[in-house]
Amino acid sequence: MLESFTFLKTPDMIFGENTAKKLPEKIKQFGTHILLITGSISFSKSKYGQEILKLLNNNGISYNTIEVGTEPAAKFINDVCKFYRHNNYASIVSIGGGSAIDTGKAISAMLTIGEPIENFLEGSENYKQHPGSKVPFIAVPTTAGTGSEATKNTVISCIGENGYKRSLRHENLVPDIAIIDPLLHLSCPPEITAASGLDAFTQLLEAYVSTQSSVLTETLSFKGLEFISNSLEKAYFDGSDHKARADMALAAYLSGICLSNAGLGTVHGFASSIGAYFEIPHGIICGSLLSVVNRKNIEYSVKNKDLTYYKYLILGKLFCNEGNKSDEYYILAFADIVDKMIEKLKMPLFNKYGLTKNDLEKIVSKTNNKNNPIALSQYDLTDILNKRI
Ligand SMILES: [Fe+2]
């Protein structure tokens with residue numbers, strides 16, 4: 001008997017090579033004056049950036065541009081909204097990685113509201129629910145990672161001793177339109193392909209084994225994990241591999257849908273606590289911790305022989321190319337395969353970013369297991385983080 005579940009709305013989505021050419025047509029659904037958020041200063045010089053700007057110009061679309069290089073901070077969003085409040089944009093369009101999409105989503109949500117974004121961030125002192133009003137938002141990802149093009153939240157960072165990573169969340173904040181064109185991913189450099197791809201991998205895996213998973217999220221996350229198994233390393237070692245880029249682009253999108261509906265696990269618990277103190281890219285935190293958290297979950301599931309054990313068995317068979325082995329062989333092989341992948345994709349230890357053993361206690365005390373299938377203890381969390389310093 002199937003258990004009951006809910007499933008949130010998803011964007012009006014277009015997938016496939018050359019679909020970015022449909023951007024002007026999609027923008028015109030709302031009007032012709034837009035705020036364009038791009039991922040880096042190289043956008044206007046890149047081949048695809050120039051082509052997209054030409055398309056906008058040829059179709060009579062006027063735009064102001066904001067370039068972002070880091071995950072969005074509250075002050076930045078507040079300043080942009082104050083400056084552009086009276087420009088009456090028909091839509092906000094983000095073309096870039098997770099930071100550009102999260103920034104665009106936050107601006108679209110705050111542009112019509114004359115208050116600081118801090119008031120609407122979960123966990124804030126004066127928190128109030130965002131009303132869901134917004135300027136229409138179109139997401140065009142150029143990396144395969146956060147899946148923000150499919151989610152209802154945007155993560156706002158404040159880094160430092162009293163830092164935080166908090167979500168602005170409302171069902172209406174799901175992008176109105178997502179255009180997933182794998183051709184835009186071809187020029188993504190290997191180190192970003194690795195970090196963002198491992199973020200998508202983590203999101204799919206955490207959603208698959210989540211305590212909040214449903215038959216629908218398990219089906220979608222399993223398909224996404226199949227794409228990861230087939231194509232993450234290929235996309236890293238040969239960025240021009242069109243099939244691998246397409247698989248990864250869709251895997252990232254699926255990861256966004258799955259995390260919105262099934263939640264995440266301990267790796268993302270660490271991403272919030274570590275990310276509040278240290279300026280480490282989100283994908284690097286997830287990629288670096290994925291193998292150690294995964295192995296700890298597997299150790300417990302082998303002891304418990306519960307539902308999680310069978311989920312790991314299915315994943316072991318998906319990722320491992322050998323036949324006629326024991327259940328436990330497949331499960332442990334999955335842990336080994338993830339370990340090797342982290343090594344091949346050169347995920348760094350955190351000491352590279354200044355994190356030391358002295359930071360263990362404060363980070364672990366603020367780390368939440370979220371919907372991890374195993375409620376890992378403070379001792380376990382300390383052991384996990386210690387292995388990646
Ligand atoms: Fe993530």
Side-chain angles (χ1 to χ4, degrees), residues 8 39 70-72 94 96-103 105-106 122 139 141-157 159 164-169 173-175 178 188 191-210 212-213 217 220-221 224-225 227-228 232 248-276 278-294 297 338 341-342 345 347-348 350 363 367-372 384 388:
L8 300 168
T70 55
E71 292 163 19
S94 283
S99 297
I101 294 176
D102 267 4
T103 299
K105 199 185 285 181
E122 290 175 353
T142 59
T143 63
T146 64
S148 181
E149 62 274 17
T151 69
K152 62 175 178 173
N153 73 307
T154 172
V155 179
I156 304 299
S157 304
I159 299 169
Y164 60 75
K165 288 230 163 194
R166 291 179 182 150
S167 272
L168 173 70
R169 197 185 309 267
L173 302 190
V174 171
C188 180
E191 57 280 11
I192 295 176
T193 301
S196 53
L198 286 169
D199 183 24
F201 185 4
T202 307
Q203 288 164 183
L204 289 161
L205 177 57
E206 293 195 321
Y208 185 70
V209 298
S210 164
Q212 299 300 309
S213 70
T217 59
L220 294 177
S221 53
L225 288 163
F227 287 136
I228 297 283
L232 173 51
M248 287 305 300
L250 197 51
Y253 181 77
L254 290 174
S255 80
I257 294 176
C258 292
L259 78 87
S260 287
N261 288 285
L264 293 164
T266 304
V267 176
H268 276 82
F270 271 119
S272 297
S273 53
I274 295 174
F278 292 91
E279 199 160 355
I280 309 176
H282 176 77
I284 296 278
I285 299 176
C286 292
S288 189
L289 286 167
L290 174 59
S291 61
V292 273
V293 172
N294 186 53
N297 280 346
V338 176
M341 190 186 280
I342 304 310
L345 270 56
M347 280 300 104
F350 295 131
I363 290 172
T367 300
N368 189 313
N369 280 302
K370 295 182 176 267
N371 302 115
N372 202 59
I384 284 167
R388 296 302 299 175

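One-based numbering, in listed order, for ligands and for the atoms of each.
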Indicate if the distance from the Fe ion (ligand 1) to the nearest N, O or S atom of Gln203 falls below 2.8 Å.
yes

Vertex the Fe ion (ligand 1), arms to His282 NE2 and His268 NE2, rounded to 10°:
100°

If you draw a 6.0 Å radius around CD in Glu279, do more than 12 non-hydrogen atoms from other residues or ligands fall strictly inside?
no

Nearest heavy atoms of Ser148 and Pro175, plus distance in Å:
O-CG, 3.9 Å

When you check the gap from the basic side-chain N to the acidic O, do Glu206 and Lys370 get nearer than 4.0 Å?
no

Shortest-distance N/O/S atom, Asp199 versus the Fe ion (ligand 1):
OD1

Could you check whether any side-chain heavy atom of Asn297 comes within less than 4.5 Å of a side-chain heavy atom of Asn372, counting everything from C-beta outward?
yes

